[in-house]
Amino acid sequence: AAVATAAAGAAATGAVECAPASKSSHSDKADVKTAGLIIIGDEILKGKTSDTNSLYAARRLRERGVSVQRISVLSDAHADIEAEVRVQAAKFDIVITSGGVGPTHDDITIKAVAAALGQGVSENEEMIGKLQEAYGVATKEELSDGQRKMALLPDLARLRVPPPPPPPPAAAAAAAALTTETKKVWPVLMCGNVYVLPGVPSFFEQKMDTIVDHFLNHSPIYTRKIVLGVDEVEIVEPLNRAVAEYEKQGCVFGSYPFYGEACPRVVITLESAEEAMVEAAKEFLLGCIPPGAVLHVGEGDDLRGREGE
């Protein structure tokens, strides 16, 4: 009855329903095509530290065929976070926030997310239990105010954990039991279509791995890469011909010049949801380029490699 009442209240107030706050959720994979990232922290905007989380998230999401459409970097300001979450949650399939969660005064992301989704914030009993276990106390009254603050979650928050792994062989059971005992699974906080993640890169990456590996279906993207030993201006015309022929069929092209090297180098990337399409576009483009200009042709579109040098 309490769950039904909460759901009815959410509908009446316009709140975004997440799931019953009293139960954590295992994997129910979603078909996700678009994502937005919100990186939160004055330390990023002031140049005190580098943002590596958006790079990691974009690469991991891309592995699942999810297109990151926007990356916003915001200060620790409640109104700014609330407004951006509201915009992105309405525009994209999922939103991932980084930073602003914890016990200190500037950790305001959870309140801002709740406000953006039309919810209040209340003490989550399941999170209280997790904190008691983590800090080794028997009752919630033994938790400090700072520790209990971390249990203040959106009213309809969903605590998601990956499904348990298959049982190990009998010979490995004892070792697995010890590993499980020492390595507790901390849930991923989700509300509506918003995942709320910590800003510490090691923790952020762990939770991104959980989201990508357990909560998202795979929509493959097929990619090709052509490395040319010419100046970018020399391939404008053939590239435009290929774009005109294949972009309307769903193939996306990118052109990335590299300077300061021994000789000019341009990397052309192609991607499509259909392998036959990206292969046809690659062959068409190669047919428009003088063979002597081609240094390397391959799968993938990673710009970190230095093929063709």
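Counting begins at 1 with the first residue of the sequence. Quick caveat, the model's predicted, so the values are computed rather than measured.
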Take L152 and M127 through the test side-chain contact (heavy atoms from CB on, under 4.5 Å) and record every step on the way to the result.
-> CA-CA 8 Å; L152 293 174; M127 184 59 78; over 6 Å; no
Any salt bridge between R86 and E82, counting N to O under 4.0 Å?
-> yes
Any Lys/Arg nitrogen of R59 or D302 sitting under 4.0 Å from an Asp/Glu carboxylate oxygen of the other?
->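 No, no charged N to carboxylate O under 4.0 Å.
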Quick check: is [Y] connected to [X] through a chain of hydrophobic side chains (ILVMFWY, heavy atoms under 4.5 Å apart)?
X	Y	value
M150	L143	yes
V294	F284	yes
Y135	V101	yes
V113	F92	no
M277	Y222	yes

Please examine the side chains of [Y] and [X], heavy atoms only from C-beta on, and report whether any two atoms are closer than 4.5 Å.
X	Y	result
M208	L197	yes
Q88	S72	yes
Y195	F215	yes
I235	L228	yes
K225	E299	no
L216	I211	yes
L239	I289	no

Look up atom [atom1] in [X] and atom [atom2] in [Y], then write down how far apart they are to the nearest 0.5 Å.
X	Y	atom1	atom2	result
L61	R64	CG	CZ	10.0 Å
N53	I44	CG	CD1	7.5 Å
S219	R62	OG	CZ	12.5 Å
I81	T97	CD1	OG1	8.5 Å
D301	I268	CG	CD1	12.5 Å
E84	L37	CD	CG	10.5 Å

Give every residue pair that meets the salt bridge (Lys or Arg N to Asp or Glu O under 4.0 Å) criterion with at least one member in [range], sequence neighbours excluded.
range	value
residues 196-214	R60-D209, R60-D213
residues 188-200	none
residues 279-295	R224-E279, E279-K282

Partners of [X] by side-chain contact (heavy atoms from CB on, under 4.5 Å), sequence neighbours excluded?
X	answer
T139	E141, E142
N217	K29, D31
A89	V95, L117, N193, V194
V87	R70

ring-ring contact (aromatic ring centres under 6.0 Å, His included) partners of F204, counting only residues at least two apart =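 F204 satisfies ring-ring contact (aromatic ring centres under 6.0 Å, His included) with no other residue.
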With distance as the sole criterion, is a donor-acceptor pair present between the side chains of T269 and E271 under 3.5 Å?
-> no
Are V196 and M190 close enough, and set up right, to give a side-chain contact (heavy atoms from CB on, under 4.5 Å), and what steps lead you there?
-> CA-CA 6 Å; V196 182; M190 185 180 189; over 6 Å; no
Starting from the C-alpha separation in whole Å, work towards a yes-or-no answer on side-chain contact (heavy atoms from CB on, under 4.5 Å) for V66 and T34.
-> CA-CA 5 Å; V66 179; T34 61; 5.8 Å; no
Tell me the closest heavy-atom pair linking [X] and [Y], and the distance in Å.
X	Y	value
G102	D107	C-OD2, 3.2 Å
Q132	A138	NE2-O, 3.0 Å
G300	T223	CA-OG1, 3.0 Å
D231	P264	N-CB, 3.7 Å
H214	P163	ND1-CD, 3.7 Å
I110	P154	CG2-CD, 3.4 Å

Distance-only, no hydrogens or angles: does the [X] side chain make a donor-acceptor pair with backbone N or O of [Y] under 3.5 Å?
X	Y	result
D42	D76	yes
S272	E274	yes
R265	G229	no
T109	G100	yes
Q147	L131	no

So L74 and I39, side-chain contact (heavy atoms from CB on, under 4.5 Å) or not? Walk me through it.
-> CA-CA 6 Å; L74 305 178; I39 309 301; over 6 Å; no
Apart from I221 itself, what residues make up its hydrophobic cluster, given side-chain heavy atom links below 4.5 Å?
-> none
List the atom pairs, donor and acceptor, that lie under 3.5 Å between side-chain atoms in residues 243-256 and the rest of the protein, sequence neighbours left out.
from: Q249; atom 1: NE2; to: E245; atom 2: O; distance (Å): 2.8
from: S255; atom 1: OG; to: E232; atom 2: OE2; distance (Å): 2.7

Applying salt bridge (Lys or Arg N to Asp or Glu O under 4.0 Å), name anything that partners K33, two or more places apart in sequence or on another chain.
->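 K33: no salt bridge (Lys or Arg N to Asp or Glu O under 4.0 Å) contacts found.
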Using side chain to side chain donor-acceptor pair (under 3.5 Å) as the criterion, list what pairs up with S54, not counting sequence neighbours.
->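 Counting only residues at least two positions away or on another chain, S54 forms a side chain to side chain donor-acceptor pair (under 3.5 Å) with D51.
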